[in-house]
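Please read all numbers here as calculations on a predicted model, not as lab measurements.
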Amino acid sequence: MASLARWAARTLATSRPVPFAAEIVHSTNGDRLMRALNAVSAQNDPSAHAELRAVRLACRKLGSYSLSGYTLYSTCEPCPMCMANALWAGLDRVVYGATIADAHRFCRQIHIPAAEVAERSDMSTTAVIGPVCRENCLALFTHPKMLEAFKTWSTAKEVLTVTNVTAD
């Protein structure tokens, strides 16, 4: 996880920093299969979360929709969309760093824990483990360059304000 956080931190030197990174590794030997960053803004795709991108790329590389035998690491607890995708892919484990509550301090989130999504599923036995290396991953969110970038992202407060104004 520390290695993944360091890899994500490299984006802090770019014009599009992101704190969200994911990596899929072989559950037994730890060999890396795929890494991906969040690309929602870069691709104008609300589903381009790091976890989803890593799963898509890994499945394409393996030529299979199953990632049984693999573990997903993520710098942040997967949202319900990403966790559901991990379940559909049959991952052995999902290990995360920062929590959804941590991320919500900076950007919009759906407040359903990854473990709850897994518990409500009958499609796999994917274990959810976290937070792991939380401070390393949280540092991605609190870096001054990332804090500046968050100002350009939609936040929960801004969405509520716009919704309330529109409703009037």
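Under the side-chain contact (heavy atoms from CB on, under 4.5 Å) criterion, Asn29 pairs with His26, Asp31, sequence neighbours left out.
Shown are Leu57, Leu62, Leu72; of these, the side chain to side chain contact (heavy atoms under 4.5 Å, CB included) with Met34 is made only by Leu57.
In this structure, the separation between OG1 on Thr75 and CG on Leu138 is 10.5 Å, given to the nearest 0.5 Å. In this structure, CG on Leu67 lies 12.0 Å from NZ on Lys61, to the nearest 0.5 angstrom. Taking SG of Cys137 as the reference point, atom CE of Met1 lies at 5.0 Å (rounded to 0.5 Å). With values rounded to the nearest 0.5 angstrom, Arg56 atom CZ is found 10.0 Å from His49 atom NE2. The distance from atom CZ of Phe141 to atom NE2 of His104, rounded to the nearest 0.5 Å, is 12.5 Å. Between the CG atom of Leu91 and the OH atom of Tyr70 there is a distance of 10.5 Å, given to the nearest 0.5 Å.
In the hydrophobic cluster analysis, where Ile, Leu, Val, Met, Phe, Trp and Tyr join through side-chain heavy atoms closer than 4.5 angstrom, Tyr65 is grouped apart from Ile24. Leu147 and Val40 are not part of a single hydrophobic cluster, where members link through side-chain heavy atoms under 4.5 Å apart. Hydrophobic clustering, with ILVMFWY side chains joined whenever heavy atoms are under 4.5 angstrom apart, keeps Leu33 apart from Leu52. One hydrophobic cluster holds both Val132 and Trp7 under the rule that ILVMFWY side chains link at heavy-atom gaps under 4.5 Å.
Residues Thr71 and Asp92 bring no donor and acceptor atom of their side chains to less than 3.5 Å of each other. There is no side-chain donor-acceptor pair under 3.5 Å between Thr99 and Glu77. If you check the side chains of Arg32 and Ser3, you find no donor sitting under 3.5 Å from an acceptor.
Counting only distance, with no hydrogens or angles, the side chain of Ser74 and the backbone of Tyr96 share no donor-acceptor pair below 3.5 Å. For Arg53 (side chain) and Leu37 (main-chain N/O), a donor-acceptor pair under 3.5 Å exists by modelled atom type. Between the side chain of Ser27 and the backbone N or O of Gly69, at least one donor-acceptor pair lies under 3.5 Å.
Using the six-membered ring where Trp is involved, Trp153 and Phe20 have ring planes that are parallel, under 30° apart on the 30 and 60° scheme.
The minimum heavy-atom distance between Ile100 and His111, with the atom names listed, is CG2-ND1, 4.2 Å. Minimum interatomic distance between Ala149 and Pro17 (heavy atoms only, all atoms of both residues): CB-CG, 3.7 Å. Closest non-hydrogen pair, Met83 versus Ala118, comes out as CE-CB, 3.9 Å. Closest of all the heavy-atom pairs between Pro80 and Ile112 is CG-CB, 3.8 Å. For the residue pair Ala5 and Leu140, the shortest heavy atom distance occurs at O-CD2, 3.6 Å. Closest approach of Ala98 to Arg134, counting heavy atoms only: CA-CG, 4.3 Å.
Side chains of Arg16 and Thr11 form no contact here, defined as non-hydrogen atoms less than 4.5 Å apart.
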Steps toward side-chain contact (heavy atoms from CB on, under 4.5 Å) verdict (Tyr73, Val94) = CA-CA 6 Å; Tyr73 287 88; Val94 170; over 6 Å; no
Residues Asn136, Leu4; criterion side-chain contact (heavy atoms from CB on, under 4.5 Å); working and verdict | CA-CA 10 Å; Asn136 289 4; Leu4 182 62; over 6 Å; no
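A salt bridge is absent between Lys145 and Glu148; no separation between the charged side-chain nitrogens and carboxylate oxygens falls under 4.0 Å.
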